[in-house]
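Working notes, structure below.
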There are 2 protein chains.
Amino acid sequence: MTSSVSQPQSEKERPLGFQEHDHARCVDQALSAVEERCVEAGLRFTPVRRKVLELLLHEHRALGAYAILDLLRDAGFGSQPPVAYRALDFLLENGFVHKIERLNAFVACTHPGESHSPAFMICRLCDAVAEAHSTQAKSALGEAAQATGFQIERTSVEAEGVCPTCADKADT
Amino acid sequence: MTSSVSQPQSEKERPLGFQEHDHARCVDQALSAVEERCVEAGLRFTPVRRKVLELLLHEHRALGAYAILDLLRDAGFGSQPPVAYRALDFLLENGFVHKIERLNAFVACTHPGESHSPAFMICRLCDAVAEAHSTQAKSALGEAAQATGFQIERTSVEAEGVCPTCADKADT
DNA sequence: ACCCTCATGTGATCTTATAACATTAACGGC
DNA sequence: GCCGTTAATGTTATAAGATCACATGAGGGT
């Protein structure tokens, strides 16, 4: 799922993230990983929560809360905003999804389980979102923070630009 | 105005940013600097635009668009959302203010004129916002971007935490 | 069975942002 | 100085995002 630090291996589609991959498999893997972590941590991975994560993994891009809500409704769940927001809150709190502030939208985490301060690359043309491992961004601000005595609790790092796929299209 | 990389020099108040400073003066300076840049660049620094910047400089913290709108109304300007948003768009485009995505709010730029990719520290207790010079955050993501072929155009780096002033209060 | 807690369903409301269109002000060519 | 073009503003309406408040239901422990 949109792993971010290597060259594209196939040119055939690269449809949603920046890279081709076995999507059905990556969805299943991620769901299992999260399920396992919930059991370990005594968290309730309820049907709505599972469904929301599944939808985000399946779509493999950032979705707004109301887009998620529509899909939930189609799947027979409640259709009022809090249904989606509550599931998202749970998933956010536990690091299974991230919020893309720039888009007011949500993406499934690319590497759940690992503790990390995420950084994102967002394509302004197709809205694809890739998550990068970024320990560094934190430390970049860390210096300034230390100098002022500011205590950092969370960071959000987002880059907007053009993904390889869209750049290719533009060349044509 | 909330310059970010040095020790607090006075303990008497540190009211809005993380540091004490001659506020009236810093507002005037910033306004002049922006005015000058607009003349140079052939930009129209109209009354609404000036007023919005002035308000942000004066308040010296992140304000929501509707808070700005209220202040505009008080000052005799139009009172419909587009009035504020359009002025903000202008100021954003030209780097005179920044948007804090996390708060859906806007702050006056701390060092207009210098080209920079801003990074912010946001106090979750008092909403004070400090802007740090950060060339590094860009480069942190830059590596991942280069590896995938992603072309970065803009970055947004925000850290949420507790500012020195609020931390002091908590200790008491 | 009971209680307590957490999760869900639902309606209403609030905040943030934009679309669309009319009106007015500034700017350049002549 | 007049006129056409362009950019800025005013105003109405509405879209999009997020939360509040309160009722109902499902699990877990005793």
Side-chain angles (χ1 to χ4, degrees), chain A residues 34-35 38-39 41-53 55-56 61-94 96-107 122 124 127 156 158 160, chain B residues 34-35 38-39 41-53 55-56 62-94 96-107 122 124 127 156 158:
Chain A
V34 168
E35 183 137 31
C38 284
V39 172
L43 300 169
R44 295 171 59 184
F45 196 38
T46 64
V48 213
R49 292 169 178 180
R50 185 189 181 87
K51 189 69 191 178
V52 170
L53 180 58
L55 290 168
L56 284 172
R61 59 197 170 94
L63 290 180
Y66 282 71
I68 293 169
L69 193 54
D70 287 344
L71 295 171
L72 279 180
R73 177 173 21 245
D74 295 348
F77 291 88
S79 59
Q80 302 303 314
V83 173
Y85 280 105
R86 284 193 286 232
L88 286 168
D89 281 347
F90 170 84
L91 295 167
L92 284 170
E93 266 167 28
N94 295 287
F96 304 140
V97 315
H98 299 298
K99 179 169 188 183
I100 308 296
E101 300 286 349
R102 183 130 211 153
L103 304 176
N104 294 317
F106 305 85
V107 273
I122 307 159
R124 82 175 143 75
D127 277 4
S156 132
E158 301 177 5
E160 188 175 314
Chain B
V34 167
E35 184 136 31
C38 284
V39 173
L43 300 169
R44 295 171 56 185
F45 197 39
T46 63
V48 213
R49 293 167 176 180
R50 185 187 181 88
K51 189 67 192 179
V52 169
L53 181 58
L55 290 168
L56 284 172
L63 290 180
Y66 283 72
I68 292 170
L69 193 54
D70 287 343
L71 295 171
L72 279 181
R73 175 175 19 246
D74 294 348
F77 292 88
S79 60
Q80 301 305 314
V83 174
Y85 280 105
R86 284 193 286 233
L88 287 168
D89 282 346
F90 169 85
L91 296 167
L92 283 170
E93 266 166 29
N94 295 288
F96 304 139
V97 314
H98 299 297
K99 179 168 185 183
I100 307 296
E101 300 285 350
R102 182 131 212 151
L103 303 176
N104 294 317
F106 305 84
V107 272
I122 308 158
R124 83 176 142 74
D127 278 4
S156 133
E158 301 177 6

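What you see below is based on every heavy atom in this structure, not just the backbone, and it leaves out hydrogens, waters and symmetry mates. Labels below follow one simple rule: chain letters A, B, ... track the order of the sequence lines, proteins then strands, and each chain is numbered from 1.
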- May I ask you to evaluate whether B:Asn104 reaches the phosphate of D:dG17, defined as a side-chain N or O under 4.0 Å from OP1 or OP2? no
- Provide, to the nearest angstrom, the distance between the OH atom belonging to B:Tyr85 and the P atom belonging to C:dT16. 7 Å
- In whole angstroms, the gap separating C1' of D:dG17 from CZ of B:Arg102 amounts to 16 Å
- Message: Using five base pairs at each end to define the local axes, how bent is the helix from C:dA1-D:dT30 to C:dC30-D:dG1, to the nearest 10°?
- Response: 30°
- Query: Which value, rounded to the nearest 0.5 Å, describes the distance between B:Phe96 atom CZ and B:Glu35 atom CD?
  - Reply: 10.5 Å
- Query: Does the side-chain contact (heavy atoms from CB on, under 4.5 Å) test come out yes or no for B:Val48 and B:Phe90, once each step is laid out?
  - Reply: CA-CA 11 Å; B:Val48 213; B:Phe90 169 85; over 6 Å; no
- Roughly how many Å is it from CD in B:Glu101 to P in C:dT15, rounded to a whole number? 20 Å
- Message: Could you check whether any side-chain heavy atom of B:Arg73 comes within less than 4.5 Å of a side-chain heavy atom of B:Asp70, counting everything from C-beta outward?
- Response: yes
- Have a look at A:Val52 and tell me which of A:Leu72, A:Val97, A:Leu69 forms a side-chain contact (heavy atoms from CB on, under 4.5 Å) with it. A:Leu72
- How many Å lie between CG on B:Leu88 and C1' on D:dA8, as a whole number? 15 Å
- Rounded to the nearest 0.5 Å, how far does CG of B:Leu63 lie from CG of B:Asn104? 13.0 Å
- Message: Rounding to an integer number of Å, can you tell me how far A:Phe45 CZ sits from D:dG27 C1'?
- Response: 18 Å
- Rounded distance in Å - CG (B:Asp89) to P (D:dA7): 15 Å
- Note on the structure: CG of A:Asn94 to CG of A:Leu43, rounded to nearest 0.5 Å, is 5.0 Å
- Message: Expressed as a whole number of angstroms, how long is the span from B:Leu43:CG to D:dT6:C1'?
- Response: 15 Å
- Note on the structure: Rounded to the nearest 0.5 angstrom, the CZ-CG distance for B:Arg50 and B:Leu91 is 11.5 Å
- Message: Taking atom types as they are modelled, would you say the side chain of B:Tyr66 forms a donor-acceptor pair with the base of C:dA17 within the 3.5 Å cutoff?
- Response: yes
Enumerate the protein-to-nucleotides 2-10 of chain C contacts in which both atoms are nitrogen or oxygen and the separation is below 3.5 Å.
| unit_1 | atom_1 | unit_2 | atom_2 | d |
| --- | --- | --- | --- | --- |
| C:dA7 | OP1 | A:Arg49 | NH1 | 3.3 |
| C:dA7 | OP1 | A:Arg49 | NH2 | 3.2 |
| C:dA7 | O5' | A:Arg49 | NH2 | 3.4 |
| C:dT8 | OP1 | A:Thr46 | OG1 | 2.6 |
| C:dG9 | N7 | A:Arg86 | NH2 | 2.5 |
| C:dG9 | O6 | A:Arg86 | NH1 | 3.1 |
| C:dG9 | O6 | A:Arg86 | NH2 | 3.4 |

- So how far is it from B:Ile68 CD1 to B:Leu55 CG, rounded to the nearest 0.5 Å? 7.5 Å
- Message: In this structure, how many angstroms lie between the P atom of D:dT19 and the CG atom of A:Leu69, rounded?
- Response: 14 Å
- Task: Return each pair, listed once, that meets salt bridge (charged side-chain N to carboxylate O under 4.0 Å, His left out) where at least one residue sits in residues 96-107 of chain A; pairs must be two or more places apart or across chains.
- Result: A:Arg102-A:Glu160
- Item | Presence of A:Lys99 side-chain N/O under 4.0 Å of D:dA18 phosphate oxygens OP1/OP2 | yes
